[in-house]
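In what follows, a structure is listed as structure tokens, so that the remarks can point back to it.
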Amino acid sequence: MTRYKRQDPEMSRRRFINMAMGTTAAVGGVSLLSVLGAANPVFRLTRDKMPPLKGDILVHASNNKEGQPILLSELNEQLVRAWPMGKNENGENVIRKGDPNNLVALYRFPRGQIIQPTNLEVTIDGEVVAYSDICTHAGCTVADSDTRAGAMKCPCHSGEYDPKRAAIVVGGPPPRKLAQLPIAQQGQNIVVTGFFLTNPYGYSTEEEWESFTKEVEEQLA
Amino acid sequence: MNQWLDERLHISRLNDKFLRKAFPVHHSFFLGEITLFSLIILILTGILLALSYEPSNSLVVNSFDPGTTDAPNLIPAAYHSALKINAQPFGDMLRRIHHWTANIMVAASVLHMMRIYFTGAFKKPREINWWIGMLLLIFTALTAVTGYVLPYDNYAYNTLQVIYGIAGSIPWVGEWVAQAAFAGKFPGDGIIPRVYGYHIMLLPGILLALTGAHMLLMIKQKHTQPQYAKRVAYKKIVGVPLMGQQTPIMLLLTFAFAGIIVLFSAFIPVHPVEYFGPPSTTPINNIKPDWYLLWVFGVLAIIPSFEFHLLGGVIGSEFMGAIVVPTLAILAMFAVPMLDRSKENLYYAENPTNYPVRLGAGVAFMALLVVWSVAGYKPELISAGILTTANANTVLWIASFLVPALSYFAVQAIVRGIRSLRESDARDRANFQAADD
Ligand code: FES
């Protein structure tokens, strides 16, 4: 063993290879990242993907009656699923089912049963109420409860909501209530009078939802 | 010809090194082989299925029930092709074999890992292979889940929605991750082609590479020797060579195994796509994942509802239940070899009762997963009146702590019992011999 390490002015072979490998790995890594960008396609907000909008008519979503306007007389304490139907650029009807999260749940309860914190102003006569039908937990479609009439239950992880009280969470893992959709009666039809009052599934904060609705409005204007 | 080949390929060296590899004789050592055979059957049936499958979720007219020209009956092409496969001769059978083999592959690998864990075969020098094995388990489950989605019936659609939701629940980056993984907002136009790519190219490729590494390491490091080998010939490798003896055993096992699977598939139908129908707005009652993911589902079902905001990100029960808890469980399993600090290379498989803490911990861990899987049946337990909506979570949470703890102590008691029996046996034998002299 020598006491002094030889100071080689030039780079050692090992060091060179290590650096070369490091550089290659870095370049490779960065270029892989650019591929990841391409994995995520651009989202185009077409009319069929827009959320329920002011002026939309609620139509049946069930397979056999899809597209038929929902009549008030068809509603009761059992959930009826609806799609919003609006107009496209050419003024033709378009069912907004391009985004499955647009599904709406409709209930009709005897007057007086729907109570606070539901916004009664935007129900029909305090009897008919509309909510987003998509569970705020993981996005399953919420159904009627199989054990209690007039309650809602998500079949995925048994989240429970109370449709008479603003669809607040009464059981299970969902983090938020279902968003209420303002509606009104117009002739025979049920029409939407605005955006969901709170953030529906897919928008984890009120701000996100607000900026999305702004985007929709801008695109329509 | 032998010589010709040998001069070029050095077959004789291969023969010495690999083909004469000694296989320990014990039935528990077949579990890994069964996993491997399953993978092979899956690839073969998968190729056949891929020939008739159309990976697209664009809508086509249902040729079995076209509807009218004004209102054609449109269904996703992938779903349509699943219907077509079912209509082919043996098409349904092929699907069943593929499905059952996938289940058996997961089951066999879980049992295989249990064997490794309880006999200490993960110890030095085999830690790396334990980790590769863990990766294999994870990727097997991922492959199975992506395969679930391909028929694109209502069930698959709902499953996919939940998976998308889970991916989207990661704080800060969730939405981006979910969209990048599933080709845009759910359900994007490219979602089935994307998942198809994962299921037939990416994930099987990973599985094959990992399997190759797993087996190379196993050949290099040799199997752990079963206990009897110690008595037969101490510190020598005991077993039957691959060529000549193990191969016929393997072939027998393959045929018996394939036969059982076909028998299974002939009588037990799987996932009736016709019954669930094409994706629709009607939710499926009591939708559940396969048994090996039921525990994650159970955690999601009993986790309380919460959501808090942190630096602009949202951390919710979904993220906790479906990502954090399973990650912790998986990390605990990854950490297993690191808990052992022996410097020596392990040579002989250990008797589980000589390691009561390890045995107890393993049993407790599995008990926990069983409790959580039962929790996955929470809606059924409630409808059956065994639990009520009010007490279900409490009861199941208490069980999540109590049952593993009880099983741990039960194992300790049993081990102590076995030991005292063994000791009294030894004493008897000693007395007996003393009396003889
Ligand atoms: S998706 Fe509704 S409870 Fe999980």
Side-chain angles (χ1 to χ4, degrees), chain A residues 35-45 49 60-63 66-67 79 81-83 97-104 133-148 151 153-160 169-176 201-205 207-208, chain B residues 157-158 161-166 168-169 171 174-177 179-181 183-190 194 277-288 297-309 312-314 316-318 320-322 376 378-379 382-383 389-390 392-393:
Chain A
V35 171
L36 273 186
N40 188 350
V42 264
F43 175 64
R44 279 185 45 241
L45 184 63
K49 292 195 176 108
H60 279 283
S62 67
N63 281 344
E66 189 178 290
L79 193 163
R81 288 197 184 83
W83 288 122
K97 59 176 190 171
D99 184 345
N101 295 339
N102 287 349
L103 206 60
V104 173
D133 198 26
I134 305 299
C135 184
T136 55
H137 182 228
C140 290
T141 311
V142 187
D144 277 316
S145 162
D146 48 350
T147 45
R148 276 184 303 138
K153 189 170 125 191
C154 173
C156 286
H157 316 102
S158 44
E160 289 175 70
V169 181
V170 287
R176 292 186 306 278
Y201 173 74
Y203 303 87
S204 42
T205 60
E207 297 84 65
E208 262 178 54
Chain B
Y157 180 80
N158 278 281
Q161 199 167 26
V162 174
I163 300 174
Y164 184 94
I166 289 174
S169 73
E175 202 40 46
W176 188 87
V177 169
Q179 290 190 26
K185 278 204 176 190
F186 181 84
D189 302 329
R194 182 65 65 85
S280 83
T281 49
T282 337
I284 297 169
N285 237 338
N286 301 329
I287 183 172
K288 282 200 189 8
F297 186 78
V299 174
L300 274 178
I302 58 175
I303 208 159
S305 152
F306 72 90
E307 184 174 65
F308 58 88
H309 296 240
V314 181
S317 44
E318 172 95 65
M320 271 300 174
K378 184 174 119 177
I382 292 175
S383 346
T389 324
N393 280 12

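Naming convention: chains lettered A, B, ... in sequence-line order (proteins, then strands); numbering from 1 in each chain.
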Closest-packed option against chain B by number of heavy-atom pairs under 4.5 Å, given A:L103, A:V169, A:V142: A:L103

B:S169 versus chain A, the contacting section by heavy-atom distance below 4.5 Å: neither

Set of side-chain hydrogen bond (donor to acceptor under 3.5 Å, both in side chains) partners for A:T205, sequence neighbours left out: none

A:E160, part contacting chain B, at a heavy-atom distance under 4.5 Å: side chain

Heavy-atom contact with chain A under 4.5 Å, split by part of B:I303: both

Region of A:K153 that comes under 4.5 Å of a non-hydrogen atom in chain B: side chain

Interface residue of largest heavy-atom contact number with chain A, from B:N158, B:V162, B:V177, under 4.5 Å: B:V162

Heavy-atom closest pair, residues A:P100 and B:Y157: CB-OH, 3.3 Å

Check: B:K185 and A:N101 side chains under 4.5 Å, non-hydrogen atoms: no

Distance (rounded to the nearest 0.5 Å) between A:Y201 OH and B:Q161 CD: 7.0 Å

Those residues that, when tested against A:C156, pass disulfide bond (SG atoms under 2.5 Å apart) (two or more places apart): A:C140

Winner by heavy-atom pair count (cut-off under 4.5 Å) against chain B, out of A:P174, A:G159, A:A138: A:A138

Point-to-point distance, once rounded to the nearest 0.5 Å, from CZ of A:R81 to OG1 of B:T282: 6.0 Å

